[in-house]
Amino acid sequence: MERYNFKLTEENWQKFWEQKKTFTTKIEKNKKKFFCLEMFPYPSGKIHMGHVRNYTIGDVLARYKSLEGYNVLHPMGWDSFGMPAENAARQNNLNPREWTESNISNMKMQLKKLGLSIDWDREISTCSSDYYKHQQEFFLELYDKGLVYRKEEYVNWDPVDQTVLANEQVIDGKGWRSGAIVERRKLNQWFFNITKFSGELLAGLNDLNEWPNKVKIMQKNWIGKSFGCEVKFAIENSKNIKSISCFTTRPDTLFGMSFLAVSVDHPLSKFYENDKKFKEFKKQCSATGTTEESIANAEKIGFKTDLLGINPLDNKLKVPVYFANFVLMDYGLGAVFGCPAHDQRDLDFALKYKLNVMPVVSPKLEPGDFKIDNKAYTGPGYICNSSFLNGLKSPSESILKTIEYLEKQKLGVRKINFRLKDWGVSRQRYWGCPIPILYDEDGNAHKVPKEMLPVQLPNLSKLDPTGNPLDKEIEWKKVKLGGKNYLRETDTLDTFVDSSWYFLRFCSPQKKNYGFDYEEVKYWMPVDQYIGGVEHAILHLLYSRFFMQAISYKNDQMDLKEPFKGLFTQGMVCHETYKDTKNNWISPEEIEVVKGKKVLKKNNSIEVKVGPIESMSKSKKNTIDPEKIINNYGADAVRLFILSDSPPEKDVQWSEEGIISSSKFIQKLWTLNLRITQAIDKNYKKNSGKDLIKFTHKFLKKITVNLNNFSYNVIIANIHEMHSFFSKEIDNEYTAETLKENYIKILISLMPIIPHFSCECLNLLNIKKNIKWPKYDESLLEEDFVNIVIQINGKKRGLLKTKKDVLEKEIIDNINKDNNIMKYLNRSDIKKKIYIPNKLINIII
RNA sequence: GCCCUCGUGGUGAAAUUGGUAGACACAAAGGACUUAAAAUCCUUGCCGCUUGCGGAGUGCCAGUUCGAGUCUGGCCGAGGGCACCA
């Protein structure tokens, strides 16, 4: 039998799509639009299996929506600024732009081999000045709106990458990319005022009902809203300072206060700058690392001042004021009041410095002899030992009542506090978007005039191993404007800025005088389905949401607040790991299976240790090169396999056996196709094909439902069922028209999954135009016969095939003829019968 | 410590949302075809007696129900996020 030539077929169709511009899109106002977007890749050189999975999932959806009649926007671009280009440049003395561009052209070729339905006319690249010019405009626009500012701030400094990192980029106290332990440095930085929208970004999550809950919860926690009260504590014994304000969520525990504690960076500290002991203490605090363990294990230490803080609820109650290492300057007001009885951290501190521990919340209304030992009580209860607050239900009544009192007495105000901090966007790197700012001779910042945009990156022939390259470009830095001398800002923007608006650019990628066209954006936005890895749950997704807020802010032409209507986070691609006897990682390519054992290829007597299945990574050498796989098995086989084993949101395990079986299955489908076309050619008139029609419609329903649920793995199972149905039934001499009509519907329904194969088969049947998603007919799905489960006491004892909608009596009559079931029924009387028509009968004896 | 998610065969998983548990696939074992191998196809899959039948069975323990993988409560385990957040 003729074999399916995937290579030729796939090449032909890819050429056809390219020449016919099949996937080129433009606004069509009479059509419903669908913006399908996958997170664009960083051009590292080669695509990896993660890309294959991500873009296959997106392509299935894009092709399906397009068949359904939507006007689908499915673009692709390159997140092409960033560290790897710069590192390659520094290490191998390459030009970052050339390096990046050659990577892009290679990856583009690889992506095309996957047969993706992408509108390549909309391709964008963030390192192109056509792109970053508009980013600089946005920067200045945000500056004008007061959403960008510059300040000296303690920042996360990555000593390896030699750059500042955003809080979101510090993971367990280490740089997200370099893994180096992050240091604290005070630097002048540009910030985006993301906290201005804390409330909006939090509230907006409620409307994102097509987002995974997990991601929404992560963002919610990251924004970290807490409700409480700002309380002012008068200070005694001080010429310098009259009061200290604290934010608290538990003002109702004020009577249990036994100390005030402030951060070493608190304004109060400037009065102790010359105090030797304080300086020593400050040093001790910063010596504590920023890693997870060191923080968790860090002892709570304090520096006692001579100040006394006065309890606002009773001015006879006075407590010492400490500097303490556990108080953070950048949360709340950098000061806390300590209530040891009901906060473990405060209790640890109080026990160390022998401070008062008095419970003010008791689990029972009558506190009796309720005492705190070395575990703080944080549960609910009733207020006690608190004068006029006594007896209030805590925390449900007590917090609000206390705030009301404090507000009335002008001792405090209710306040909502957020954990979210402003987004520091300055990076001391070369390969990024220059910040369009000039400094005059006094060091004041000025916007680069609009007509001077873009601020082009200078083309550097050589990058020094360390430091900020732009800072060393003396000539580039100097600018003369209106007879005055200026120096350019030499920091570049965090590359997360680049990806915060690229979805807008995709709507009108060629627009010259602005980043996007409002008409186009109004038609295409929001992104209907965004697909990517969950690792961007906070960083990229939160920044993009902020950017949309910022662009819509003070803007009559735009009121879109959420860029991504639907979000899907796909799982990772995993592979077994292998090690040799010396514990070196071995790649799957070096391995051979001999007698069921995995051994080294070069010397097949040495068995390798098979390690756990882990996500593909270069360091573990368990990656598989997609291009090789596509060349060996074809794009359709790769698509089929990457979708088949696990649901798309979960991790999938790549295996040689799996891809082989997928490619064999394509062959089987081809063989089936030949048998079906032959049967059509024979032009039978015999079999009306009632069961064939029923099967087809049931199949179409399954595919449609599963496509809408992202149950792509089940679709592959459905296709296997389809194959086995036709393999068995094809000799039934179905009437040719019926067979053809139904088979065409099935082929169309396969187009999103295995487009080359389906297009080829359809083409051979002369179906070339007006291909639409086949609708299933619900009325054809009805079965004439049903299997009724016969249960006795809830246990399945038999199956009965009957006509649909038979009466209970008929079932019982049938049961009475069944010896196997009667042997149970004869044992005792029937107490009860539950009959669910067309499903089951349960007889209780 | 806090928050979230998930526990189904040797493996990846399915289950119309409370109604036949294990669809579909991978791996394994046995068989058919073949001189042989590959390829292809078929069968098996936990326990008990011979087919057939019966029993147990969706992490564990309870509960609701005629009926629970699915709902409720408790426990155990795995993964992920946050973390001195006041």
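Just so you know, these numbers use all the heavy atoms, side chains as well, and skip hydrogens, waters and symmetry mates. Naming: A, B, ... by sequence-line order, numbering from 1 per chain.
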So what does [X] hit on the nucleic acid, given a heavy-atom distance under 4.0 Å: a base, only sugar-phosphate, or nothing?
X: A:Lys668; result: sugar-phosphate
X: A:Val652; result: nothing
X: A:Lys650; result: sugar-phosphate

Exercise: identify the closest heavy-atom pair between A:Ser615 and A:Asn622 =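 Closest approach of A:Ser615 to A:Asn622: O-ND2, 3.6 Å.
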
5' priority, RNA chain B, between A:Ile834 and A:Asn213 [closest heavy atom] |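 Its nucleotide being nearer the 5' end, the pick is A:Asn213.
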
On RNA chain B, check which nucleotide each of A:Met218 and A:Arg345 is closest to and give me the residue with the more 5' one.
->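 This one resolves to A:Met218.
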
In whole angstrom, give me the gap between the [atom1] atoms of [N] and [M].
N: B:C60; M: B:U8; atom1: P; answer: 10 Å
N: B:A68; M: B:G59; atom1: C1'; answer: 16 Å
N: B:C61; M: B:G77; atom1: C1'; answer: 15 Å
N: B:C71; M: B:U17; atom1: P; answer: 14 Å
N: B:A15; M: B:A23; atom1: P; answer: 13 Å
N: B:A39; M: B:A29; atom1: P; answer: 14 Å
N: B:G18; M: B:G69; atom1: C1'; answer: 11 Å
N: B:C2; M: B:C84; atom1: C1'; answer: 13 Å

Between [atom2] on [N] and [atom1] on [X], what's the gap in Å once rounded to a whole number?
X: A:Asn793; N: B:A68; atom1: CG; atom2: C1'; value: 16 Å
X: A:Ile217; N: B:C3; atom1: CD1; atom2: P; value: 11 Å
X: A:Asn221; N: B:G1; atom1: CG; atom2: C1'; value: 14 Å
X: A:Asp265; N: B:C84; atom1: CG; atom2: C1'; value: 15 Å
X: A:Lys220; N: B:G80; atom1: NZ; atom2: P; value: 23 Å
X: A:Lys728; N: B:C41; atom1: NZ; atom2: P; value: 12 Å
X: A:Glu808; N: B:C66; atom1: CD; atom2: P; value: 16 Å
X: A:His575; N: B:G12; atom1: NE2; atom2: C1'; value: 14 Å

Going by a 90° cut-off around 0, is B:U20 syn or anti?
->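 Anti.
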
Looking at the angle O4'-C1'-N9-C4 for a purine or O4'-C1'-N1-C2 for a pyrimidine, is B:G9 syn or anti, with syn meaning within 90° of 0?
->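 Judged by the O4'-C1' to base torsion, B:G9 sits in syn, the angle falling within 90° of 0.
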
With both distances under 3.5 angstrom, what nucleotide forms a Watson-Crick or G-U wobble pair with [N]?
N: B:A28; value: B:U44
N: B:G57; value: none
N: B:A13; value: none
N: B:G18; value: none
N: B:U50; value: none
N: B:C85; value: none
N: B:C71; value: B:G63
N: B:A78; value: B:U5

Would you say [N] has OP1 or OP2 under 4.0 Å from some side-chain N or O of [X]?
X: A:Lys664; N: B:U40; answer: yes
X: A:Lys214; N: B:G81; answer: no
X: A:Ser646; N: B:A13; answer: yes

Test: A:Glu230 and A:Arg414 ion pair at under 4.0 Å =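 No, this pair does not count.
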
For nucleotides 55-59 of chain B, tabulate all protein N/O to nucleotide N/O atom pairs closer than 3.5 Å, reporting atom names and distance.
residue: B:G55; atom: OP1; partner: A:Arg797; partner atom: NH1; Å: 3.3
residue: B:G55; atom: OP1; partner: A:Arg797; partner atom: NH2; Å: 2.9
residue: B:G55; atom: OP2; partner: A:Arg797; partner atom: NH1; Å: 2.8
residue: B:A56; atom: OP2; partner: A:Lys795; partner atom: NZ; Å: 3.4

Polar atoms only, N or O, under 3.5 Å: list the protein pairs with nucleotides 20-26 of chain B and their distances.
residue: B:A23; atom: O2'; partner: A:Glu721; partner atom: OE2; Å: 2.8

